[in-house]
2 protein chains.
Amino acid sequence: MTDKKYCYEYPHPAVTTDIVVFTIREGRLKLLLIKRKISPYKGKWALPGGFVALHEDISQCAARELAEETGVSSVFLEQLGAYGAPKRDPRERVITIAYFALIPSEKIQVQAATDAAAADWFAMDALPELAFDHAEIVEQAKTRLLNKLGHSTIAFQFLADEFTLTDLQKVFEIIQGEEVDKRNFRKWALALNSIEATGKERREGQHRPAKLYRLSSTVQDID
Amino acid sequence: MTDKKYCYEYPHPAVTTDIVVFTIREGRLKLLLIKRKISPYKGKWALPGGFVALHEDISQCAARELAEETGVSSVFLEQLGAYGAPKRDPRERVITIAYFALIPSEKIQVQAATDAAAADWFAMDALPELAFDHAEIVEQAKTRLLNKLGHSTIAFQFLADEFTLTDLQKVFEIIQGEEVDKRNFRKWALALNSIEATGKERREGQHRPAKLYRLSSTVQDID
DNA sequence: TATAATAGTGTTCATTTCACACTAAGTCAA
DNA sequence: TTGACTTAGTGTGAAATGAACACTATTATA
């Protein structure tokens with residue numbers, strides 16, 4: 001950051017992006033949080049994010065922050081909305097544009113937290129107290145995730161390139177918090193016309209091997 | 001506006017709200033546009049909106065702009081999303097937070113455009129060329145409107161406090177652009193448990209009078 | 001070769017969605 | 001006063017969809 005000062009005729013708020021990063025690890029839906037090492041909310045956990053640079057698109061900003069924190073790029077990233085209550089940051093007026101990202105657990109290289117003190121994954125049902133209005137943002141992200149789950153292909157974003165139908169079913173069960181009928185689920189998943197068998201199978205343990213699937217090339221999402 | 005200058009350590013973008021205001025008039029879905037009287041895009045039509053003041057919430061800002069342009073308040077207003085491509089405004093970096101609003105045609109007092117040159121309603125299927133990235137914003141608002149139509153009670157926002165089921169059906173037909181079966185529609189509307197008969201009826205023309213309905217007190221919307 | 005463990009597969013019933021046509025109640029004019 | 005006109009209001013059967021439910025298939029291992 002330079003010492004240069006930027007001046008305007010009328011007041012401009014600061015603009016940040018914050019990213020709600022979900023993944024599934026250890027059989028639970030988890031959220032990436034960063035421990036703040038500066039005031040305000042020093043020591044509290046917060047969503048990863050940062051200021052929007054003047055030259056970058058806001059979605060680029062979110063993608064950049066996400067890559068800096070997790071080392072992953074080209075993941076599912078969707079805008080959640082803008083949050084701009086006047087006092088949400090006690091320092092100055094900050095409007096944040098929240099995104100939510102879904103990353104497959106296999107892609108998670110442990111977070112190379114650039115400047116932040118510490119980063120960690122928290123189970124959604126055991127979140128610590130969050131800084132700013134981040135609890136509200138997380139709540140809305142969770143709602144969005146649940147709403148889209150059955151009407152889009154976002155669940156696939158939690159999986160590796162090749163996966164079994166049981167893998168996929170577990171994603172649903174973990175997010176929805178309830179068991180799903182295996183036969184109905186498989187019928188539904190195949191009827192989506194979004195996945196195709198790779199021809200390969202995965203064998204592990206003393207039981208029948210499972211067919212591997214991949215997302216079809218034509219991936220379309222729903223608003 | 002004062003001559004005072006606002007200075008920051010690092011650059012802040014300007015933040016505006018733009019509002020996609022829909023109504024139904026003359027049997028068509030219409031959009032409120034303002035003719036720009038200053039550069040850039042001077043003379044072009046644009047969405048109503050303006051800069052976010054430092055002390056106000058962004059939704060308050062949208063509501064204020066909407067009230068200034070249309071004279072109506074307490075209407076349906078929902079955030080659509082943030083648009084922040086770096087060059088979307090050629091003057092400086094401007095991030096806009098778009099809202100969409102639905103107002104009943106009866107409430108429309110002709111727009112008392114404060115500073116803008118002119119304001120007018122345009123049919124959605126006959127829009128003029130729009131300034132900035134407003135065409136994209138309008139497109140997404142239309143998509144949102146269509147998606148929510150059958151899964152929420154937003155259609156009611158286009159109607160007066162008391163309405164007939166035929167009024168409601170016409171709203172659907174106009175927005176969806178296709179006719180709807182009368183019996184199925186009425187069953188659906190009543191099964192919503194969101195409207196109740198007022199006991200009154202409206203008589204006009206040489207035919208049976210129509211029962212009037214109102215929104216039930218418990219109005220809930222869906223994300 | 002028996003056991004254990006997960007993969008994989010169809011049918012029935014209930015519910016929801018869709019298509020479809022007539023009667024009811026008012027106004028107006030002859 | 002009656003017939004013509006116009007929109008309001010109502011029910012049923014068929015088709016599609018969603019939900020419940022239990023057994024066989026295939027592998028690893030002891």
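In what follows, every chain begins at residue 1, and chains take the letters A, B, ... in the order their sequences are listed. Because only heavy atoms are used, hydrogens play no part in the values below, and waters and symmetry mates are left out as well, while side chains stay in. Small disclaimer: the values here were computed from a predicted structure and weren't measured.
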How many Å lie between [atom1] on [X] and [atom2] on [N], as a whole number?
X      : N      : atom1 : atom2 : answer
B/R186 : C/dT17 : CZ    : P     : 19 Å
A/F185 : C/dG10 : CZ    : C1'   : 18 Å
A/F163 : C/dA7  : CZ    : C1'   : 16 Å
B/L165 : D/dG9  : CG    : C1'   : 9 Å
A/L192 : D/dG18 : CG    : P     : 11 Å
A/L190 : C/dG10 : CG    : C1'   : 14 Å

- Item | Nucleic acid contacts of residues 195-210 of chain A, taken as heavy-atom distances under 4.0 Å to DNA chain C |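 Under 4.0 Å from DNA chain C: A/Q206, A/H207, A/R208, A/P209, A/A210.
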
- Item | Candidate pair A/Y213 and A/L190, rule side chain to side chain contact (heavy atoms under 4.5 Å, CB included), full reasoning | CA-CA 10 Å; A/Y213 290 82; A/L190 294 171; 3.9 Å; yes

- Task: Five pairs at each end of the helix from C/dT1-D/dA30 to C/dA30-D/dT1: take the axis at both ends and give me the angle between them to 10°.
- Result: 10°

Atom pair [atom1] ([X]) and [atom2] ([Y]), whose distance is rounded to the nearest 0.5 Å:
X      : Y      : atom1 : atom2 : answer
B/L145 : B/M124 : CG    : CE    : 8.0 Å
A/I195 : A/T153 : CD1   : OG1   : 10.5 Å
A/I58  : A/T16  : CD1   : OG1   : 11.0 Å
B/T96  : B/D133 : OG1   : CG    : 7.5 Å

- For DNA chain D, what residues of residues 169-184 of chain A have any heavy atom nearer than 4.0 Å?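 Contacts with DNA chain D under 4.0 Å: A/D181, A/R183, A/N184.
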
- Residue pair A/T23 / A/L32, side-chain heavy-atom distance below 4.5 Å: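 Not in contact.
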
- Query: Are A/I95 and B/I95 close enough that some pair of their side-chain heavy atoms sits under 4.5 Å apart?
  - Reply: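 No, their side chains stay 4.5 Å or more apart.
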
- Message: With hydrogens left out and only the distance checked, is there a donor-acceptor pair under 3.5 Å joining A/K187's side chain and the base of C/dT11?
- Response: yes

- Could you tell me whether B/D120 and B/K35 have a side-chain N and a carboxylate O separated by less than 4.0 Å? no

- Item | Option passing salt bridge (Lys or Arg N to Asp or Glu O under 4.0 Å) with A/E162 (candidates A/R202, A/K211, A/K200, A/R214) | A/K200

- Task: Please tell me which of A/W188 and B/T164 maps to the more 5' nucleotide of DNA chain D, matching each residue to the nucleotide holding its nearest heavy atom.
- Result: B/T164

- Message: Tell me if the aromatic rings of A/F156 and A/F163 count as close, with their centers under 6.0 Å from one another.
- Response: yes

- Query: Do A/F158 and A/F22 have ring centroids that are under 6.0 Å from one another?
  - Reply: no

